Novice: 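The following block contains the structure, expressed as structure tokens.
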Amino acid sequence: MSHRNPHGSTGDQSLLLPESRFSSVLQLDQPSGRSSSSIDLSRVDSPEDERRAVVLSTQSEAARRLGARQLIPKNLAVSSRPRNRHHTTVVTLPTDLSWEDYDSDSGAGFSMRRNRRNKSYRAAVTSLNLDALPSELQTEVLTPVSEEKTANQKQAQKSGRKRTLGRIRNRKETGSFKDEPRFYQEIKERGLNASSLNTEEDECSLTEPPEENQGIVVKNYRAAYMTWSQLPKVKDLGVLDIISPEERKRQEAIFEIMTSEYSYLHSLSILVSHFKDSTDLKKTMTTTEHHHLFSNISVIQDVSKRFFEDLDMRHQIHPLIQDISDIVNKYATQHFEPYIVYCSNETFQQRTLQKLLSSNNAFRETLKEIEGSEACGGLPMISFLILPMQRITRLPLLLDTICQKTPKETAEYFAACWAFKAISKLVKRCNDGARTMERTEQMYTIQKQMEFGKIKPFPLVSSSRWLKKSGELALYTDDLSIFRKAFIFKSYYLFLFNDVLIVTKKKSEESYVVLDYATVDKVEVEEEMTDSKLNLKLLMNPNSHGRSEQILVAESKLDRARWVTALRDVKKTKSIANDDLPQYEATKAYMPKAPDELSLQQAELVIVSQEVEGWCHGERMRDGERGWFPANCATQITNRTAMENNIQRMERLRKETDV
């Protein structure tokens with residue numbers, strides 16, 4: 001430690017902490033007839049060292065009244081040690097700590113791991129046994145040093161910044177959103193809501209933790225970063241006093257794109273450094289599997305870094321940003337192509353991950369260890385892998401917010417609209433790329449599994465055909481005896497595409513014999529109740545032979561509802577959106593497990609048409625995709641104004657993407 005003596009000289013001393021406990025020695029000295037008290041936090045063998053006291057200085061009235069050697073709060077002490085001066089501190093650890101609790105910090109001493117600083121400090125304070133001191137000394141110790149310093153301390157607490165006992169290295173700007181980067185998985189941008197930005201209300205609002213569910217891969221617990229109005233620069237320059245409330249909301253929307261991009265970049269760096277570049281994880285898979293899993297994520301990280309740097313440079317010029325639409329438009333049209341490649345690889349990525357998790361023990365154990373590290377925040381790797389899809393689909397919503405907060409018929413408004421168009425078209429290309437790759441590969445796989453036999457075959461693979469739903473349904477028969485029912489079970493395996501229905505008989509897990517087929521415009525489905533069974537009456541006219549009528553039995557109400565909905569939706573092209581249907585907001589991300597299920601990113605909006613046995617069927621507002629998802633993934637929106645704003649935003653988004 002470094003101490004200042006009464007004459008102002010400095011010196012370095014080694015702090016020796018006993019292994020068994022911290023000890024304190026109270027020494028009373030009376031120079032010039034005055035008493036002073038000090039607590040020695042070290043005990044040494046020699047009598048001279050035993051009289052050596054910890055000397056701390058302050059400019060307070062208490063110091064001038066009681067002498068130079070005082071016990072004061074540590075956070076009020078100012079070290080006189082030069083910043084670039086290196087020294088060696090000899091530390092004997094208490095029994096409840098070990099060397100494993102420390103990390104090397106580039107040769108500049110030691111730094112406690114997370115929460116260890118507080119633990120060590122509490123142990124030291126507890127060992128002092130302040131309650132055993134005379135009451136007059138306790139009063140002197142706890143007396144406020146200075147009203148000015150107390151006010152500064154309260155101001156620091158109000159700022160919301162986390163206080164630490166050690167120096168915070170590499171902090172370039174006090175009060176910056178860069179101080180404590182957050183995981184992008186754990187924030188929700190205010191601009192995702194179509195309603196107006198209520199900055200005063202939203203600054204302290206938090207999202208309640210949802211209930212745990214195995215089908216959910218990402219959850220949101222935290223609010224977004226500080227708002228633009230909270231920035232020290234904005235307050236110091238008095239910007240809030242010279243701009244209108246409307247301009248303030250516009251600045252908040254612009255600033256949120258910057259802060260969310262910084263959070264997104266932080267999460268990408270964790271994905272690359274701890275997962276993709278992990279030597280241990282790479283050893284558990286082949287080169288092809290590694291490529292399918294991470295694709296071009298390093299390229300996307302580099303693009304995101306340059307995108308944020310350009311945004312931040314605009315922010316550093318002046319906190320009152322005139323516009324960032326030109327930057328967004330530039331990157332959407334010239335630099336965001338890697339997102340299309342990454343999204344197109346999503347099918348291979350998900351399949352590879354599932355295969356490795358189910359059949360590779362070494363991969364599973366290594367991944368579990370990495371996910372449990374402090375740097376990864378305990379988040380699963382899948383939550384990092386879907387970040388590019390999540391980010392690119394949110395950008396149009398954030399740009400739309402800027403458009404709505406910018407005065408019409410201004411240069412900034414037209415620039416924001418052009419950026420909105422550019423990023424919306426990019427998202428459409430990403431969606432189309434992901435769907436094309438998935439559907440093409442799926443059609444080739446099904447083509448190999450089909451055996452037409454006596455049925456006239458037709459080419460199944462087509463760029464305009466994709467699978468909507470598949471599954472097994474029992475054939476209803478009422479003329480079989482109880483004995484025959486026990487030994488004879490007939491069922492059909494149906495493949496429903498967007499333009500044709502194929503009825504097959506399952507031969508094996510990867511082989512199907514075609515029994516019949518018909519175009520979807522010739523297929524009708526009716527719901528029937530026979531002997532309390534969940535029946536579907538399937539009419540195919542004409543089919544490969546002329547006409548077919550079958551009654552099929554579903555296993556549950558949900559199964560029947562999903563088949564009926566799928567068979568009817570293939571004929572519908574018009575959106576189901578209207579003001580009467582309920583709207584839901586996704587509180588968790590959901591990865592579909594069947595062709596008729598709907599993928600959801602956090603905070604996405606869905607218009608729900610029906611709910612059956614804990615599942616909802618609806619239409620995703622941003623692109624019109626329909627499907628089923630678990631009801632506990634979303635919460636219903638009850639605010640009528642918010643629902644109307646959502647419909648208006650949906651119309652703007654679909655207009656730009658030609659949905």
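Since this is a predicted model, take the numbers as computed values, not measurements. We're numbering straight along the sequence, starting at 1.
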Novice: Taking ring pair (Phe, Tyr, Trp, His ring centres under 6.0 Å) as the test, write out the residues that go with His274, two or more places apart.
Specialist: none
Novice: What residues form a salt bridge (Lys or Arg N to Asp or Glu O under 4.0 Å) with Arg465, not counting sequence neighbours?
Specialist: Asp499
Novice: Using side chain to side chain contact (heavy atoms under 4.5 Å, CB included) as the criterion, point out the one residue from Gln610, Glu597, Glu611 that pairs with His617.
Specialist: Gln610
Novice: Within 45 degrees of the ring normal and closer than 6.0 Å to the centroid, is that where the cationic atom of Arg652 sits relative to Phe420?
Specialist: no
Novice: Going by salt bridge (Lys or Arg N to Asp or Glu O under 4.0 Å), name the residues that satisfy it together with Lys368, two or more places apart in sequence or in a different chain.
Specialist: none
Novice: With rounding to the nearest 0.5 Å, note down the distance linking CG in Leu398 to SG in Cys403.
Specialist: 11.0 Å
Novice: Quick one: list whatever passes ring pair (Phe, Tyr, Trp, His ring centres under 6.0 Å) with His291, sequence neighbours left out.
Specialist: none
Novice: Sequence neighbours left out, what passes salt bridge (Lys or Arg N to Asp or Glu O under 4.0 Å) with Glu369? Give chain and number order.
Specialist: none
Novice: Between Glu252 and Lys249, does any NZ, NE, NH1 or NH2 come within less than 4.0 Å of an OD or OE carboxylate oxygen?
Specialist: no
Novice: Taking the side chain from Thr352 and the backbone from Glu289, do they hold a donor-acceptor pair closer than 3.5 Å?
Specialist: no
Novice: Could you tell me whether a side-chain N or O of Glu261 sits under 3.5 Å from a main-chain N or O of Phe308, the two making a donor and an acceptor?
Specialist: no
Novice: Under a 4.0 Å threshold between the charged nitrogen and the carboxylate oxygen, would Asp432 count as salt-bridged to Lys428?
Specialist: yes
Novice: By salt bridge (Lys or Arg N to Asp or Glu O under 4.0 Å), which residues pair with Glu438, not counting sequence neighbours?
Specialist: none
Novice: Would you kindly say whether Arg391 and Ser260 are connected by a side-chain donor-acceptor distance under 3.5 Å?
Specialist: yes
Novice: Take atom CH2 of Trp418 as the centre, draw a 6.0 Å sphere, and report whether it contains more than 12 heavy atoms from other residues, nucleotides or ligands.
Specialist: no
